[in-house]
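Quick note: numbers below take in every heavy atom, side chains included, and nothing from hydrogens, waters or symmetry partners. All values reported here derive from a predicted model rather than from experimental measurement.
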Amino acid sequence: MKIPAKGFTHGGKFHADDVFSTALLQIVRPDIQVTRGFVVPDDFDGIVYDVGGGMFDHHQEPRETRPNGVPYAAFGLLWQVLGAQLVGEHQARLLDENFIQPLDLNDNTGEQNSLADAIGSFNPLWDSKDDPDECFWRAVPVAKKILENEIAAANAVNRADDTVRRAYANMKDGIVVLPAYMPWKNGLYKTDALFVVYPSQRGGWSAQCVTDHKTKRPKLPFPQSWAGQPQEVIEQKSGIPGISFCHASRFLITAKDKETALAACRQVLKNNGRLA
């Protein structure tokens, strides 16, 4: 969809919905000029959202609703037609599920949302003489930066996916070895991978359990006797020198090198009858 040079949204009190909608339009078309008001001019030539009864207004019936029952607000309606060109169809759907739907739900139902509250806090106080339009334009850059970060993170996942898929093709004993730390969960979703081993951003190497997509729990967690223990206890319990940390939730360990991380994973496999 080509975005016109002008936009129009409602005036007065603003919400995360119209603020993030404006931020999205600015990202797609940086030179867009957005006007706020209470009545759309008859001769307005541009995109109208969150007001006016058009395709990007969610206040009239029948309202468009997602298959899971979450109704669209203006932000979601705009993302529906613009998201894929920014992050691809798969990541656009995930961003809608994880980031946009909670904001749409807040705007449609009032359900609590801390990000929506934070954006709403830019509104003038009840006894303030601040101009709502000036407050709105202070909120938009904040929303724009947050949305840009979300888009950048989604595209980082896209860039990592090919590397993760190649590593998965070379998987041995359910252990995927990555050449660097990168977003890997998307690439291994619904696969038979059990562990991911990669260089830690803090030095050394890490091994992480792959989560079962149904239970949302690690498929093979590290032993309870390692969980949250000092290095010397983990080394004594495991018999593997160089395991320096095991998260109390048992999904992550850190080790001095790649071979130590692999040894930790193989021991869990043996303990669970997955490796001779």
Looking at A193 and K219, what are the two nearest heavy atoms and their distance? O-NZ, 2.9 Å
Please enumerate all residues that pass side-chain hydrogen bond (donor to acceptor under 3.5 Å, both in side chains) together with Q112, with sequence neighbours excluded. D117
Going by atom type alone, with no hydrogens or angles, which donor-acceptor pairs under 3.5 Å involve a side-chain atom of residues 269-276 and a protein atom two or more places apart or on another chain?
residue : atom : partner : partner atom : Å
N271    : ND2  : Q267    : O            : 3.4
N272    : ND2  : V268    : O            : 2.8

Atom pairs and distances, donor-acceptor, side-chain atoms in residues 26-35, under 3.5 Å, two or more places apart:
residue : atom : partner : partner atom : Å
R29     : NE   : D31     : OD1          : 2.7
R29     : NH1  : I3      : O            : 2.8
R29     : NH2  : D31     : OD2          : 3.4
Q33     : NE2  : D31     : O            : 3.4

Side chains of residues 74-89: which donor-acceptor partners sit under 3.5 Å, not counting sequence neighbours?
residue : atom : partner : partner atom : Å
W79     : NE1  : A92     : O            : 3.0
Q80     : NE2  : E64     : OE2          : 3.4
Q80     : NE2  : Y72     : OH           : 3.2

With the 4.5 Å side-chain cut-off for hydrophobic clustering, are I146 and W137 part of the same group? yes
Can you see which heavy atom on P71 is nearest to which on N108, and at what distance? O-ND2, 3.4 Å
For the residue pair A23 and L147, what are the closest heavy atoms and their distance? C-CD2, 4.4 Å
Tell me, do L103 and I100 make a side-chain contact under 4.5 Å, heavy atoms counted? no
Sequence neighbours excluded, the answer for side-chain hydrogen bond (donor to acceptor under 3.5 Å, both in side chains) partners of H15 is none
Would you name the heavy atoms of V196 and L188 that are closest together and state the gap between them? CG2-CD1, 3.4 Å
Using the salt bridge (charged side-chain N to carboxylate O under 4.0 Å, His left out) criterion, which residues pair with D42? Sequence neighbours excluded. none
If you measure only the distance, is there a donor-acceptor pair under 3.5 Å linking the side chains of E232 and Q236? no
Evaluate the criterion side-chain hydrogen bond (donor to acceptor under 3.5 Å, both in side chains) for residue pair T254 and S200; output intermediate values, then yes/no. CA-CA 8 Å; T254 57; S200 173; over 6 Å; no
Test side chain to side chain contact (heavy atoms under 4.5 Å, CB included) on V197 and C265 and set out the steps. CA-CA 9 Å; V197 172; C265 296; 4.0 Å; yes
Could you note down all residue pairs passing side-chain hydrogen bond (donor to acceptor under 3.5 Å, both in side chains) where residues 90-102 supplies at least one of them, sequence neighbours left out? R66-D96, N68-Q101, H90-R93, H90-N186, R93-E97, D96-Q101
Do the side chains of K6 and P4 get nearer than 4.5 Å, heavy atoms only? no
Tell me, which pairs form a ring pair (Phe, Tyr, Trp, His ring centres under 6.0 Å) where one or both residues lie in residues 97-128, sequence neighbours left out? F20-F99
Nearest heavy-atom neighbours spanning T260 and P241: CG2-O, 3.4 Å
What do the steps show when you test F136 against V19 for side chain to side chain contact (heavy atoms under 4.5 Å, CB included), and what is the final call? CA-CA 7 Å; F136 177 84; V19 172; 3.7 Å; yes
Show me the donor-acceptor pairs, under 3.5 Å and distance only, between side chains in residues 166-183 and residues at least two apart or in other chains.
residue : atom : partner : partner atom : Å
R166    : NH2  : T163    : OG1          : 3.3
Y168    : OH   : D192    : OD1          : 2.5
N170    : ND2  : R166    : O            : 3.3

side-chain hydrogen bond (donor to acceptor under 3.5 Å, both in side chains) partners of residues 201-216, not counting sequence neighbours, each pair once: Y198-Q208
May I ask you to test the E235-I240 pair for a side-chain heavy-atom distance under 4.5 Å? no
Set of salt bridge (charged side-chain N to carboxylate O under 4.0 Å, His left out) partners for K144, sequence neighbours left out: E148
Could you tell me whether the side chain of L105 reaches within less than 4.5 Å of the side chain of N113, counting heavy atoms only? no
Give a yes or no on whether the ring-centroid distance for F222 and F245 is below 6.0 angstrom. no
Taking C-beta and beyond as the side chain, do M1 and I47 meet within less than 4.5 Å on heavy atoms? yes
Do P132 and R36 come within less than 4.5 Å of each other through their side chains, counting heavy atoms only? yes
Ring pair (Phe, Tyr, Trp, His ring centres under 6.0 Å): which pairs involve residues 29-70, sequence neighbours left out? F8-F44
